Amino acid sequence: MPSFYDDNADLRWYLEGGIDLELLIRLTEYDPGGGPVQLAAPDAPASVAEAIAGYRDLLGAVGTFVAESVAPRWRELAEAHPKRVGADIEDAPVVRELTQAFGEMGLFGLNVPRELGGLNAPMLIFQLSQEMIARADTSLCAHVGFHGGIAMAALLYNVLEGSATFSASPPRIDDLRFRELLDEIVAGRAWGSMDITEPSAGSDMAAIRTRGELGPDGRWTVTGQKLFITSGHGRWHFVIARTEDVAEGADAFAGLNGLSLFLVKAWDWGADGEKRWLASFSGVEEKLGHTASATVALSYEQSPAELVGERGRGFQQMLVLMNNARISVGFECLGVAEAAWRAATAYAAERPSMGKTINKHEMIAELLENMETDIQAIRALAVTAAVNEEVAQKVAIARKLVHVDAQRQTELDRIGRRAQRRSRMLTPLLKWYAAERCVEITRECVQVHGGSGYIRETGVERLLRDAMVFPIYEGTSQIQALMAMKDTLLDAVRGPTRFLNRLAKARWRAATGADADERAVGTLRLRALQAVEFLLTKLGAAKLKELPLSRPGAWSAALRQFDPKRDFSLAMLHADRLTGLLTDAVIAEILLEQAQKDPGRRPLLQRWLERAVPRAEYRYTVLTTTGSRLLARL
Ligand SMILES: Cc1cc2nc3c(=O)[nH]c(=O)nc-3n(C[C@H](O)[C@H](O)[C@H](O)COP(=O)(O)OP(=O)(O)OC[C@H]3O[C@@H](n4cnc5c(N)ncnc54)[C@H](O)[C@@H]3O)c2cc1C
């Protein structure tokens, strides 16, 4: 099988000049200055071009390994299950063998700075390799991800809380509080997990019951149950727990304020080398898909814990981990969707029906083209979200680590804030769209295969089963839609002039854009903004009575009296549709920008617009004409 990197021209495009990686590379190599490139990290590549060539080699090696050594073992992986062995939970031998092989390739320390034993590549390279692993097997992708992903989260937490120590010349991280975790993971001796969900707290994190308690000796312990934890059979756990009580009857989100984040070990090693259990694995789930990945229930009983960052700010801390994890799920979805599209394409080219192969039948041809278009659109969104998130994080790290003059620092802070805003806006759209579309694409793949698609032996029904979890974990699709809706509406309410300017610009662009593509991009933006305007006008109407939104002071008066639970109900009902409108518009903008730089990308933009514009009209119509009957019933 050809390398999953070499055979994917769209993925390669990003590493072959498609996007500008200079800033990301400079930040990664401790060279955040605005002048000539001077990559300053010890053993840094000599130039940006050399760094990119190194990443390409790395991705090429991962692509070859997954194509030759993982993908052909799909049957074995599909039948692999973790199992209980005494107090432990063990992965199937094939998972252990392949995970170890990824460790030997350096994947667990891919993003870890060289001075701490890693390869110091940007997170983007990790995420692109995750896509290729998921194309071969998504359980393996998840487990491998809980190595490097957790190591990087630990590093970031320590840098941001100020517990990492640095040298200035050459710039390097000397040590950090969670060094033991980092060293073990980079060496392939351990992995970690993210323990949020509980029996009665999933989407509703404010309902978390696990307690973090500070003993008289000044040490923290954690007590409670965690459920459905991916790779939760490892040693290191980022656990979210309640440390402050909230008043009964307070608003539904108030509970988020009383949470703190802890690092907890499931076991320690005794002097005799024996495991001394500090938490217990209370179960391992049997699932519809992702069968080789361990999904674990844990019990903590006064387990020793280390507070991460500030007490009571656990929800905000967890978002750091979750943002990265949600972007990574976007790439995971891409891998599975890519596998489905390729399997469907290959099968359709071979399968004869009524005098021709089925890829020549109109409806199947359209299905295949839709799949390909949407996968490339998701990749464009995923890479943009990933780069923005990483730039935001690395600007924050550079601030602690590298000295630049005041003018450059101001500029960097501006870049960091902008990247953070973009990442916050793009991440829920990516998670929502990639997950939902991946389920559809894998189902379409089964459909293209006809009866064979439904048979285990063919190997494509497993893609659908695996995909079904994407709209559930790392925040369900409904939660992503609610986040996107709330941020968008609040942004408009807080900056009404800015919002009205945007609306006017979009209207102008839709009518007078330079060409048909630009006008279509303008139309998509306009429809999304008009949907926001419609929802705000409706939501405000009850409060404002006959007061038009254009009257001075009307917006701020509405804002002062805003009750999210009551006043947002129409927007909550239509959050999914609004998210669809926003996603289509954002992807169109990204693809337009790509096409303006590289004419070879224009056909992709046009295929996207051809589908997105009528879809936007449909969504906008439903959003503006339905809902009151159902809401009256609730
Ligand atoms: C295979 C697998 C791996 C997982 N890995 C992890 C992990 O590593 N760490 C971890 O902490 N958790 C993990 N989870 C748990 C996962 O994150 C939760 O299942 C998920 O957040 C949903 O929570 P829930 O199951 O309690 O469903 P609920 O929160 O009860 O939701 C049920 C349904 O109601 C909807 N819903 C809930 N509230 C609202 C609302 N306000 N508006 C509209 N709709 C709403 C949801 O979208 C969903 O469709 C995993 C789950 C699975 C299946």
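All values reported here derive from a predicted model rather than from experimental measurement. All values below were derived from every heavy atom in this structure, side-chain atoms included, with hydrogens, water molecules and symmetry-related copies excluded. Throughout, residue positions are numbered sequentially from 1 according to the sequence presented.
Note: F65 and F102 meet the aromatic proximity criterion, with ring centroids under 6.0 Å apart. Within the 6.0 Å centre-distance limit, the rings of H143 and H233 are counted as a close aromatic pair.
Checking E131 against Q127 by side-chain atom types alone, no donor-acceptor pair falls below 3.5 Å. With 3.5 Å as the limit, one finds a donor-acceptor pair spanning the side chains of D174 and S167. In this structure, a donor-acceptor pair under 3.5 Å is absent between the side chains of E411 and Q407.
Counting heavy atoms from C-beta on, the side chains of C333 and V329 come closer than 4.5 Å. Looking at heavy atoms from C-beta onward, F4 lies out of side-chain contact with T64 at the 4.5 angstrom threshold. The shortest distance between side-chain heavy atoms of L430 and T384 does not fall below 4.5 Å. Counting heavy atoms from C-beta on, the side chains of W191 and E184 never come closer than 4.5 Å. Side chains of N111 and N120 form no contact here, defined as non-hydrogen atoms less than 4.5 Å apart. Looking at heavy atoms from C-beta onward, E372 lies out of side-chain contact with L368 at the 4.5 angstrom threshold. Using a 4.5 Å cut-off on side-chain heavy atoms (C-beta onward), R326 and Q480 make contact. The closest side-chain heavy-atom distance from I173 to L155 is below 4.5 Å.
R462 contributes a side-chain N or O that, together with a main-chain N or O of G459, makes up a donor-acceptor pair within less than 3.5 Å. Using modelled atom types, no side-chain atom of T138 and backbone atom of A134 make a donor-acceptor pair closer than 3.5 Å. R525 places no side-chain N or O within donor-acceptor distance of the main-chain N or O of A506, the cut-off being under 3.5 Å.
A salt bridge links D374 and R437; the closest N-O separation between the charged side-chain nitrogens and carboxylate oxygens is under 4.0 Å. By the 4.0 Å N-to-carboxylate-O rule, K431 lies too far from E332 to be salt-bridged with it. Using a 4.0 Å cut-off between a side-chain N of Lys or Arg and a carboxylate O of Asp or Glu, D598 and R601 do not qualify as a salt bridge. Ion pairing between a basic and an acidic side chain is recognised when a charged N comes within 4.0 Å of a carboxylate O; R342 and E338 show such pairing. Salt bridge R607/E610: absent, no basic N to carboxylate O contact under 4.0 Å. Using a 4.0 Å cut-off between charged side-chain N and carboxylate O, E180 and R235 make a salt bridge. A salt bridge links R399 to D413: at least one charged side-chain nitrogen sits closer than 4.0 Å to a carboxylate oxygen. A salt bridge between E29 and R114 is present, with a side-chain N of the basic residue lying under 4.0 Å from a carboxylate O of the acidic one.
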Tell me, with the steps shown, if R602 and E518 meet salt bridge (charged side-chain N to carboxylate O under 4.0 Å, His left out). CA-CA 11 Å; R602 193 154 289 268; E518 172 108 34; over 6 Å; no
What verdict does the salt bridge (charged side-chain N to carboxylate O under 4.0 Å, His left out) test give for E97 and R73, after you've listed the backbone C-alpha separation in whole Å, the side-chain angles of each residue and the deciding distance to 0.1 Å? CA-CA 12 Å; E97 178 198 328; R73 297 177 73 175; 2.8 Å; yes
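The one candidate from L591, T583, L334 that meets the side chain to side chain contact (heavy atoms under 4.5 Å, CB included) condition with L381 is T583. Among T427, V391, N388, V586, the single residue meeting the side chain to side chain contact (heavy atoms under 4.5 Å, CB included) criterion with R422 is N388.
In plain terms, the two heavy atoms of D491 and R498 that are nearest each other are OD1-NH2, 2.8 Å. Across all non-hydrogen atoms, the minimal contact from G600 to P603 is O-CD, 3.5 Å. The two residues S3 and G60 come nearest to each other via the heavy atoms OG-O, 3.8 Å.
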